[in-house]
Amino acid sequence: MKIIKYTLVGYLALLSAAWWLTDQADLFNLAGFFPWRNVLSQYTGVIAIGVMSLAMILSARPVFLERYFGGLDKMYRLHKWLGISALVISISHWLIADGPKWLVQLGWLTRPGGRGPRPVFPEGSLQQLFLEQRGLAEGIGEWAFYAAVLLMVLALVKRFPYKRFFQTHKILAVAYLALVFHAVVLVKFDYWSGLVGPLLIVLMTLGSIAAVMSLTNRRAGGKRALGKVLAIEQLAALGVAAIEVQLDSGWPGHKPGQFAFVTFHEDEGPHPFTIASAWHEDGRIRFLVKALGDYTRSLPKRLKVGDSVKLEGPYGQFTFEGNAPRQIWIGGGIGITPFIARMKALAGQPDGKAVDLFHCTADYDQAAVDKLTRDAAAAKVSLHVLWDQRDGRLDLQRLTKSVPNWREADVWFCGPARFGQAIRDGLGSLGFPGERFHQELFEMR
C-alpha cells in the first residue's frame, strides 16, 4: 500500500533531516576513519531508536490513526516494516560501533593518537552524570540489542507458533526500554539542544508509555468486553468453525467488515478474527474461524459452549464506505467473512447500491453455499460462486465481463494477498483508480 511506503520513507527522511540539521557543522570538518565512524555511529543510533519508537507506539493500537492509514491492518504492516528497518539499522549501528574495535585488536587498523583526554564536566552536572553511566549504558544496550535482534527475527519466521510469538514479542518492550536508556546516555549531549533532541524526547516518551502498556496488557484503542460462547458449528468440508458469542455490556458496537482481537484461551492470547455478523445491539457476535494453524485447528475441540471469551475492538476501516453507485466484492476463501456481515446489515437497511459478490474458494460445501445464497438474496446482492475445481479462478477478464460497468464501482477485496495484488494490478493497468480498490491486509505479524 502506498500510504505504508510513503510513511516509512517520509519518516526515515524526517529523522535523517533532523539529525543532519543538528550535526551538520561537524560533518564539514571530518577527516579520517574514526571521526566518520563516530558520526555514523550517532546517526544510525538516532535512526534506530526513532524507528523502534514509532514501531512501539503503533503496537499500542492507537485507534485514532486508523482513518489515516486505512485500518489497523495497514498500521500493523507498517509496524512490521519498521521492525525490519530497525533490525537492519541497529545491526549497522552495532557493526559501526564495535567493528573498528575488532579491527584494531586484529592489527588491521590503528587508532591514531589514542583516545585523547577524558572530558571533564562540573560535578553534579547532567553531562557528568551521563559520562559516569556510559559503561553501564553500553553494556545494557549491547545485551538489549542481542535480545531485540533475536526477537525480531523470530517475529518474521512464519513457522514460529503464534502462541510463542505472542509471548516472546512482549519481551521486545523490555528490550526497547533498555535501549531507550542506552540512547539517552550515549546520544551526543549537544543533540538535546538541537532539532533532533526534542523529536527524540517525544518519540522515546511515547514509545516508553506504549512499552509499559504492552507489558501490562493495555492498549490505546478499542474497547474490551466479556462474554460466553453460545454455539459452535463446524463446517468440516471447509475447515471452518462458526462460533457465536453472547457479550455482556461494554461492547460499543461495530460496522460490518471490522474485526476484533478475541481471547478464547488465556494461554494462547488474543487472535484477530473478522466479525461475521451485523450489530443488532443484542450482544451477539459471530465469528468464522478457519483452521490455518495448530491453534485454530484444535479450537473446535478445545472450545465448549459456556466458555468465557474476551474481546477487544472493534478495529478496521474495511467498512464499505464510498461514493460510487456500484460495489464489487471479492472474497477469497475465509475472506468471505466481512461480506457476510455486510449482507446481514444490508438485509435490514439497504443502501441502494448495486453489488456483485465473487466468492472464490478451493473448498466447497453445499450447505454453506446455500446459506450464502440466501444471505445474498435477502441483501439483493448478485452472487457469483467460483469453485476452483469446477469454475477455475477469477481473473481480470472474467471480472470485467461479469460486471460490464465495473469502472463505476468501488472494489472491496478480502483474501490471499497475492490474489488481491493481481486483481489490483490488472484493474490498474486498465485505468482503474487505486484509491477505489480496498484490500484487507489481514496479517498481524
Side-chain angles (χ1 to χ4, degrees), residues 72-73 161-163 166 222-316 318-319 331-345 347 359 361 363-372 374-375 414-415 440 442-445:
L72 188 65
D73 56 317
Y162 183 89
K163 174 181 178 178
F166 173 75
K223 301 293 184 179
R224 294 191 174 189
L226 302 176
K228 294 186 179 299
V229 176
L230 272 184
I232 306 170
E233 178 186 1
Q234 293 192 50
L235 306 175
L238 302 178
V240 171
I243 302 170
E244 190 164 348
V245 174
Q246 177 67 55
L247 295 176
D248 301 330
S249 60
W251 186 249
H254 60 269
K255 297 179 181 179
Q258 292 190 300
F259 67 92
F261 284 89
V262 186
T263 302
F264 291 115
H265 299 96
E266 291 292 344
D267 63 330
E268 183 67 25
H271 281 249
F273 296 121
T274 299
I275 302 168
S277 56
W279 179 244
H280 298 298
E281 299 185 0
D282 57 358
R284 291 194 176 188
I285 290 186
R286 184 177 175 89
F287 297 97
L288 297 179
V289 179
K290 178 75 171 179
L292 297 174
D294 292 341
Y295 177 66
T296 49
R297 277 192 290 268
S298 66
L299 186 59
K301 296 180 181 178
R302 292 186 62 182
L303 200 61
K304 298 179 178 60
V305 173
D307 282 356
S308 297
V309 180
K310 293 181 181 178
L311 262 67
E312 180 195 317
Y315 293 106
F318 196 83
T319 53
I334 196 62
I336 192 64
T337 305
F339 304 112
I340 294 175
R342 180 59 175 165
M343 287 192 294
K344 297 287 189 183
H359 175 42
T361 179
D363 305 308
Y364 190 87
D365 180 88
Q366 188 60 52
V369 171
D370 289 344
K371 185 178 295 186
L372 189 65
R374 291 193 296 270
D375 287 341
C414 186
E440 185 84 292
F442 210 71
E443 293 183 7
M444 298 298 163
R445 56 176 294 188

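Quick note: numbers below take in every heavy atom, side chains included, and nothing from hydrogens, waters or symmetry partners.
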State, yes or no, whether a side-chain contact exists between Thr263 and Phe261 at a heavy-atom distance under 4.5 Å.
-> no

Phe318 versus Asp73: any side-chain heavy-atom pair under 4.5 Å?
-> no

Distance from [X] atom [atom1] to [Y] atom [atom2], nearest 0.5 Å?
X	Y	atom1	atom2	result
Thr274	Ile334	OG1	CD1	8.5 Å
Ile243	Arg286	CD1	CZ	9.5 Å
Ile336	Thr361	CD1	OG1	9.0 Å
Trp279	Ile285	CH2	CD1	5.5 Å
Arg302	Thr296	CZ	OG1	11.5 Å
Phe287	Leu299	CZ	CG	11.5 Å

Taking all heavy atoms of [X] and all of [Y], pick out the closest pair and write down the distance.
X	Y	value
His359	Gly333	CE1-O, 3.7 Å
Ala231	Val305	CA-CG2, 4.2 Å
Gly316	Gln258	O-NE2, 3.1 Å
Ala260	Trp251	CB-CH2, 3.9 Å
Pro338	Gly257	CB-CA, 3.7 Å
Lys290	Val240	CD-CG2, 3.8 Å

Hits for ring pair (Phe, Tyr, Trp, His ring centres under 6.0 Å) against His265, two or more places apart or cross-chain, chain-then-number order -> Tyr295

What residues, two or more places apart in sequence or in another chain, satisfy side chain to side chain contact (heavy atoms under 4.5 Å, CB included) together with Arg284?
-> Leu230, Glu244, Gln246, Asp282

Report the residues that fulfil side chain to side chain contact (heavy atoms under 4.5 Å, CB included) with Lys344, sequence neighbours left out, ordered by chain and then residue number.
-> Ala278, Ile340, Asp375

Sorted by first residue and then second, give each salt bridge (charged side-chain N to carboxylate O under 4.0 Å, His left out) pair with at least one member in residues 247-264; sequence neighbours left out.
-> Lys255-Glu321

Cut-off 3.5 Å, no hydrogens considered: what does the side-chain donor-acceptor table look like for residues 365-372, sequence neighbours left out?
{"unit_1": "Asp365", "atom_1": "OD2", "unit_2": "Ala367", "atom_2": "N", "d": "3.2"}
{"unit_1": "Asp365", "atom_1": "OD2", "unit_2": "Ala368", "atom_2": "N", "d": "2.8"}
{"unit_1": "Gln366", "atom_1": "OE1", "unit_2": "Tyr364", "atom_2": "OH", "d": "2.8"}
{"unit_1": "Gln366", "atom_1": "NE2", "unit_2": "Asp370", "atom_2": "OD1", "d": "2.8"}

Over 60° means perpendicular and under 30° means parallel, so classify the ring planes of Phe259 and Tyr315, tilted if in between.
-> tilted

Could you please spell out the steps behind the side-chain contact (heavy atoms from CB on, under 4.5 Å) verdict for Phe273 and Val289?
-> CA-CA 7 Å; Phe273 296 121; Val289 179; 3.8 Å; yes

Can you list the residues that meet the salt bridge (charged side-chain N to carboxylate O under 4.0 Å, His left out) rule with Glu312, with sequence neighbours excluded?
-> Arg61, Arg224

